[in-house]
Amino acid sequence: MPRIEFTSHLQRHLDCPSTTVSGTTLREVLDNVFAELPQLQGYLLDDQQGVRKHVMIFLDGQPIDDRIHLSDPVTTNSEIYVMQALSGG
Amino acid sequence: MKFYIGTRKGLFTYEKQASRWDITHVDFLGDNVSMILFDRRDNTLYAGLNLGHFGAKLRRSTDSGENWDELTPPTFPAGEFVTIPQFDGSEAKQKPASLSEIWEMTAGGDDQPGLLWAGTIPAALFVSRDRGDTWELNDAFWNLPQRHVWFGGGKDDAGLHSISVDPRNSNHVTVAVSCGGTWQTTDGGVTWACRSDGMRAEYMPPDRQFDPEIQDPHRLVQCPGSPDHFWVQHHNGIFKSTNNCESWEEINAEPSSFGLGVAVHPHDPNTAWFVPGIKDEARVPVDGKLVVTRTRDGGETFESLSDGLPQEHAYDIAYRHTLSVDDSGDVLIFGTTTGNLFVSENGGDSWDCLSTTLPPIYVARFG
């Protein structure tokens with residue numbers, strides 16, 4: 001299953017350890033993470049469910065393409081890193 | 001006696017102990033605290049945070065900050081947009097509506113236990129009927145057609161920063177928007193009317209300077225003991241209303257009428273305090289001397305109060321939520337962008353400096 005890891009900056013605010021979750025798109029993966037940790041959603045996504053302006057998500061080493069619909073395809077071996085952008089600090 | 005100071009880097013609680021003020025609690029160290037509300041109806045403390053990368057958050061404590069619950073903050077419904085007026089003649093733009101800051105929180109009336117109001121950036125009004133557990137957008141206010149001509153003042157988007165609940169009738173609520181004027185409901189938010197007549201906006205072309213719906217009230221306060229009396233520190237100066245916001249009168253003060261905050265005496269509507277800066281494009285005290293201006297005759301005259309305030313090379317500005325008066329009208333606090341915090345226990349006649357080393361101060365409120 002895809003693996004997702006979160007910046008340590010988030011750990012100040014809520015406990016979100018690395019995890020493996022199912023999903024064929026980034027949206028599916030995140031929805032499955034949020035099902036277990038509902039509060040995390042508001043930290044990563046804005047009110048309209050797009051990625052927050054100053055949150056960076058890397059999928060297999062590259063920034064994701066679709067920050068609005070999160071449609072980037074995910075494979076069973078994918079590695080996802082949720083980072084804090086240097087902008088906005 | 002206790003008060004709360006929300007800053008760029010945390011929430012600081014001050015308490016008076018053996019005749020001196022001390023910090024007795026530090027919360028959210030390192031985080032931006034944009035708003036505080038202490039709800040005296042049930043002794044609950046609320047803190048609006050702005051975590052930057054991770055968005056605006058809301059926390060609640062029922063034990064004076066020992067423990068905090070994370071609440072779901074006000075959230076804009078799916079599909080809602082904010083209009084961004086263009087000033088070059090081109091068509092207005094739109095962007096998805098998403099909470100960027102909780103800019104005001106006010107408790108409902110004593111007959112409305114658990115009811116809270118929140119003002120936000122982008123400019124909207126939210127209500128909670130369950131002590132902040134859930135929030136709903138006030139649709140009537142959000143759907144005002146005038147909303148689409150509002151614009152940001154100091155912030156990218158327009159914001160709602162002042163909410164006053166009339167002590168005579170909890171359904172009578174007055175709010176103010178930068179830059180979107182002053183608005184009132186008399187039916188608990190079912191309908192709204194613009195109440196900015198008499199305000200003047202020098203930053204607009206001459207034929208639009210008196211448009212009620214684009215005024216920039218920086219802060220609005222209502223006198224609890226005489227609720228038909230309001231004061232506004234506006235972008236263009238000071239305005240007062242003595243007829244429940246039906247009309248506004250411009251007031252001139254020395255050394256300047258420019259500022260961001262205002263406090264009104266809880267019992268005497270003719271007494272109000274301001275912290276002036278030179279003007280909008282030079283937001284520093286006049287001549288480097290930090291003063292509080294006070295009127296005790298409804299704006300006919302002003303005193304410039306400086307005892308205890310820095311009078312050389314002072315470059316402080318007091319943001320709009322950082323000047324507060326207690327229920328007696330004797331104790332005032334104000335905090336500044338340079339982390340200076342002052343208290344007066346004699347109505348502003350003299351001031352004690354409590355700190356020169358706090359982070360930039362965003363909000364100061366009594367407990």
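The analysis underlying the following values was restricted to heavy atoms, covering all of them including side chains, and did not include hydrogens, waters or symmetry mates.
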Asker: Heavy-atom pairs under 4.5 Å with chain B are the metric here; pick the option from A/Lys53, A/Met56, A/Arg12, A/Gln49 that has the most.
Answerer: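 Of the options given, most contacts go to A/Arg12.
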
Asker: Name the region of B/Pro73, side chain, backbone, both or neither, that has any atom closer than 4.5 Å to a heavy atom of chain A.
Answerer: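 Neither part.
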
Asker: For the interface with chain A, which of B/Ala97, B/Ser100, B/Pro96, B/Gly79 has the highest count of heavy-atom pairs at distances below 4.5 Å?
Answerer: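 Between B/Ala97, B/Ser100, B/Pro96, B/Gly79, the count favours B/Ala97.
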
Asker: Provide the closest heavy-atom pair for B/Leu58 versus B/Gly132 in the form atom of the first, atom of the second, distance.
Answerer: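 Shortest heavy-atom contact: CD2-O, 4.4 Å.
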
Asker: Looking only at atom types and distance, does a side-chain atom of B/Ser61 sit under 3.5 Å from a main-chain N or O of B/Asn67, one as donor and one as acceptor?
Answerer: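 Checking the backbone N and O of B/Asn67 against the side chain of B/Ser61, a donor-acceptor pair under 3.5 Å is found.
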
Asker: Is it the backbone or the side chain of B/Leu51 that comes under 4.5 Å from a heavy atom of chain A, or both, or neither?
Answerer: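 Just its side chain gets close to chain A.
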
Asker: Parallel, tilted or perpendicular: which describes the rings of A/His13 and B/Phe54, with under 30° parallel and over 60° perpendicular?
Answerer: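 Perpendicular, since the angle between the ring planes exceeds 60°.
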
Asker: Considering the options B/Arg219, B/Arg320, B/Glu104, B/His218, which one meets the side-chain hydrogen bond (donor to acceptor under 3.5 Å, both in side chains) requirement together with B/Ser162?
Answerer: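 In the set B/Arg219, B/Arg320, B/Glu104, B/His218, the residue that makes a side-chain hydrogen bond (donor to acceptor under 3.5 Å, both in side chains) with B/Ser162 is B/Arg219.
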
